[in-house]
Every structure is written in structure tokens, then in C-alpha cells.
There are 2 protein chains.
Amino acid sequence: MDGKVAISEKIAQSAHVDCGDCPIRHRAVCARCEADELELLEQIKYYRNFEAGQTVIWSGDQMDFVASVVSGIATLTQTMEDGRTQMVGLLLPSDFVGRPGRERASYDVVATTDMVMCCFRRKPFEQMMVRTPHIAQRLLEMTLDELDAAREWMLVLGRKTAREKIASLIAIIARRDAALSMQGTRGPLVLDLPLTREAMADYLGLTLETVSRQVSALRKDGVISLEGKRRVTIPDMGRLLEEAGDDSDGGMLV
Amino acid sequence: MDGKVAISEKIAQSAHVDCGDCPIRHRAVCARCEADELELLEQIKYYRNFEAGQTVIWSGDQMDFVASVVSGIATLTQTMEDGRTQMVGLLLPSDFVGRPGRERASYDVVATTDMVMCCFRRKPFEQMMVRTPHIAQRLLEMTLDELDAAREWMLVLGRKTAREKIASLIAIIARRDAALSMQGTRGPLVLDLPLTREAMADYLGLTLETVSRQVSALRKDGVISLEGKRRVTIPDMGRLLEEAGDDSDGGMLV
DNA sequence: TCCATCGCTTGATCTGGGTCAAGGAGCTTA
DNA sequence: TAAGCTCCTTGACCCAGATCAAGCGATGGA
């Protein structure tokens, strides 16, 4: 335990951390790398910290690095000229930012919590990708997963009601939390919403007022209960998934 | 010209066609392959034909092949228990269907026109991918492009009005047609909508009535003109993009 | 030649969620 | 202790798009 604290402190200070000790070692783009490949990555990596609220990259900006999220959460958003915005991705620890071969960022990336990123200058990273197929393999796998997630969201955005949208979002966050924290899949789940009502609205294609109303409605109906504004308890996951309009098979927390 | 006709006839008959003569040779998943790699693919490929309206794969079905669209158009859709459906992808010639490493299909795939697909049994294809990085490289590139397209659609679905959605869809089809047919980027564009009103509605998260109304409205306002129900003329692409709510930079037909 | 079907259009009406507005709870700063 | 944030809630009203309904034109089979 002491070791872990020391490492997260080191990371927070942007001190050099050995890849072998990295918390996202087995899920990030480097997951498949062998010891020798890791060593090469080790040489070109560097850490960067961002504070909650800080913009990591503006859409259209020169993008001369790619990165993995080590800790914290960021959002990927698109904005229209008149200010309407739509979130198109939620970046969690181990997620990858940037696209090999692309000069400029296509989306705004904003830190919603304090964050640490493990960065690589783009050119050296691209060169490495050609030589080490393990990186490209893993990146393909991650990109396919993201594409599936994006398609799931297209259904949510295009066809679900406001109530179903909120239930879907809570269910997805619950599923992810359960996958990480490994609390038993039986019994009530407790989780913290990592997003403001406005960010939830941007994710779901709603207004923040509607988000607030539907969260209240789900609470009144006993589907969830709230402790403060962010901590959610789910007494019955099956009920929540029903409200989300998901197939009943979704009970298993992948 | 004679040669070309012969080839498309051969393909339509599911006769064997040399990869070197394939119409999607330079855009499909095999685009980066060298002659020797092509030869290996040649040995495991087989063609399949589908008629307009035919379902290629049902969501949840065993998926023991992957494939490239050679000609024709298919849709990728998700359906909720109560029948609400959302299109999550439009498959055009050279697009790839299926996911290496995945047993079962995640979406319904339906042919909207007569189609020919170039198929590979999944296992041999996966084995080839490990050995020939050119295939994995190209698939990564294609998947990243699809992810970008999906994110673009999330903005359309979440934040655009019905009128903007219709304009966006027409603009995208126009852009793709222009990229293929290489008609001059100046002057009026003419294109055929490859989708019924209902399919457009499923793509855009609307009802078919709203699609019909908004198409009529754009016609009345002179943004487009119609010849029959499917053939669209765009007198001024800039105007259309304005109606789509896109940034003005979109004038260039990528 | 007629009927049925499919894809589409248009009208009338209804409603879910947007918009506008007021205020509350929990902070930081002074 | 107050003043000023940010984030959130709730109410009143409105409108874009859904729903329900009728009908048209083209195609195709009997």
C-alpha cells in the first residue's frame, strides 16, 4: 500500500515512474508491449499534469503529441459556431488521446478533474508504431471498442427519451465502476457521478434543466437515491436497466 | 471499358476475380498489401451476393466471416425491444464488416441495394492479420476514420434541428459522391439518395414524416431541387452547408 | 384492367423537452 | 458575516417534432 501511494505521488509530481509500476500498465496502449518495447517507450515518454477545468487541447490546434490518461477524467467535445456543444467521448484512465498520422486535433479535450497524462511526441511514437506491432495491435483493439461505445451512444442520442438517457448514463458509469472496483455484483451499488449536470446534458443531447428534472424523477420513483448531488446509490440494477430501455441481458456487469 | 464491364459481371456472378482487377483494391482493408500478401488473401477469399432488402447478418448471430463491401450499400442498425431503431453505420464499397476477435455480430446488417461482398472466414483472416501488419495497419486507419464519422454523427443526433439533420445528411452523401465521381467541385452537384425516407429517419433519429416535411421545406426554399423522389440537385453547396450548421470551412470537398 | 402494396406527402393535433426565470445550497474570498 | 461565486432545482410557458390520419402516384401481380 505504501508503495502505491508513493507511486501516485510521484506521478502527481510528474516525476519519472517506471512503466512496470504504472497503474494503467495493463490496459493502456502499451498493454501488449514486451519488456524491451517498454524500455523504448520509457525513453520517449513524459508526464503532464492538468488541473480540473483546464483545456488540454483546442480543436484545430497543432497536435504534436499523443497520450494516455494515467489518472483523472477528461471530456472530448465538439462545438458549433453558435455555441451548441456535444460531448463525443469520455476519457478515463488508460484511454488514448490523439491520432497517429493526424496533424491537428479534431475535438476539444478538457480535464474535468485533476489529471495526469503520459505523453509521447507524435513523430517518435509513429516511428515506434511501425516497428512494434504490439502497439498498433492494442491501439486497434482500443479503437474498435471506442467505435462500439460511440455506436451505443448513437442509439441513446437518436432514440431514447430523456429519462432513458439519464438511466443509461448512470448504468454505464455504474458498470465501469463495478468493473474497476470489483465490489460484488449483488446488493446496492454506490457511485460518484464524475460529471456536472451541464456535462451530463452535453453528453446526452439535453439541457441541464431536463437532466436535473429527470434525475429528480428517478429519485422520486425509487430507481436511484442521492446523497448530496453527486453520490448515487442504485438499489436494483435490473430496475435501472429497465428504465434505460436496455435488453434485460444487460444484468451482467461486463 | 469492355474490361471493366466484364469484371463487374464476373463479380455479380460470384466468379473468381483477380484482386489486381478489384474495384476496391486501393481503398479496402487490403489496400496496403503487397503482391505476395494479396496472393495469400486471394486464396481464402470468396464472393457472396445479396439482394436489396436482404439481411446479411442478424445482431447476436454467430459471425464466422469478415468482409469488404465490393459494390452496393448496406446499413448497420441497432433495434430496441419495442422496435425503435437507430442506424449506426452506412456501409459503402470498400467498407469493412465484422470485427476480428469477435464471435457474434453486434448489429443488424441489411443490404439496401443489391450487393457483392468479398468475404474471408474469420479464423484464417485473424491468423493472416498477425503475420501481415499491412492488413492491421489499414484496418486501424479505417477504424479511426469510422470513429471520426461516428463522432460527427453524435453531434448531428444530439444537437442539430430536423432541418439541419437533413441538410447534413445530403451534404455528406454529396461529399462522398464528389470524392468518387470527381465531377468538378464548382457548379451544381447532382446525386441520388441511396436511402428511403424511412432509412433516412433511422439514420437521423427522426420520423419519416419529419424527414419528408424537411426535404420538402429545403426544396421550397431553393436549397435543393428534386427530380423524382430520390434525385437531388444542389445548386449551391455553400448554402447547403450553412443550412447544415457546419463551419464555413466545409466548402472543400475532401 | 383492377387491385394491392410500397414509398412518400401533407394536414391536424398533441406532447416531451426546450426556454425563460427565480431562487436555494454549498463553496471561497474578504 | 457577508458577498459573490458555481452548481443545481423547480415552476410556468412554448414550440419543434412526434403521432395519428388521409390520400397520392408508381409498380407489379392476377
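In what follows, every heavy atom counts, from backbone to side chain, and hydrogens, waters and symmetry copies are set aside. Sequence lines set the chain letters: A, B, ... in the order given, protein chains first and strands last, and positions in each chain run from 1.
- Between A/E243 and A/R239 there is a salt bridge, since at least one side-chain N of the basic residue sits less than 4.0 Å from a carboxylate O of the acidic one.
- Enclosure of atom CD in A/E198 is not indicated, since only 12 or fewer non-hydrogen atoms of other residues, nucleotides or ligands lie within 6.0 angstrom.
- Within 4.0 Å (heavy atoms only), A/G205 reaches sugar-phosphate atoms of the nucleic acid but no base atom.
- The side chain of B/T196 contributes no N or O atom lying less than 4.0 Å from OP1 or OP2 of C/dG7.
- A/T112 places a side-chain N or O within 3.5 Å of a backbone atom of A/I73 that can act as its donor or acceptor partner.
- Summarising the geometry, the separation between CD on B/E198 and C1' on C/dC8 is reported as 11 Å, rounded to the nearest angstrom.
- A donor-acceptor pair under 3.5 Å links the side-chain atoms of A/R104 to the main chain of A/G60, judged by distance alone.
- Contacts of residues 212-235 of chain A with DNA chain C (heavy atom under 4.0 Å): A/R213.
- Under 4.0 angstrom from either OP1 or OP2 of C/dG18 there lies at least one side-chain N or O belonging to A/T210.
- Distances were taken from every side-chain heavy atom of A/E209 (C-beta onward) to each of C/dT9, C/dT10, C/dA21; the shortest belongs to C/dA21.
- We find that CG of B/L206 is positioned 16 Å from C1' of C/dC8, with the value rounded to whole Å.
- For DNA chain D, the span of nucleotides reached by chain A at under 4.0 Å from its heavy atoms goes, 5' to 3', from D/dC8 to D/dA12.
- With rounding to whole Å, A/R163 atom CZ is found 19 Å from C/dG18 atom C1'.
- Without hydrogens or angle criteria, A/D114 side chain to A/A52 main chain gives a donor-acceptor distance under 3.5 Å.
- In this structure, A/L208 reaches the bases: a heavy-atom distance under 4.0 Å links it to at least one base atom across the strands shown.
- Of the possible donor and acceptor atoms, none in the side chain of B/D192 sits under 3.5 Å from a partner among the backbone N and O of B/P194.
- No donor-acceptor pair closer than 3.5 Å links the side chain of B/R27 to the backbone N or O of B/P93.
- The minimum heavy-atom distance linking B/P235 with B/G222 is given by the pair CG-O, 3.8 Å.
- Checked by atom type and distance alone, the side chain of B/R159 never pairs as donor or acceptor with a backbone atom of A/Q86 at under 3.5 Å.
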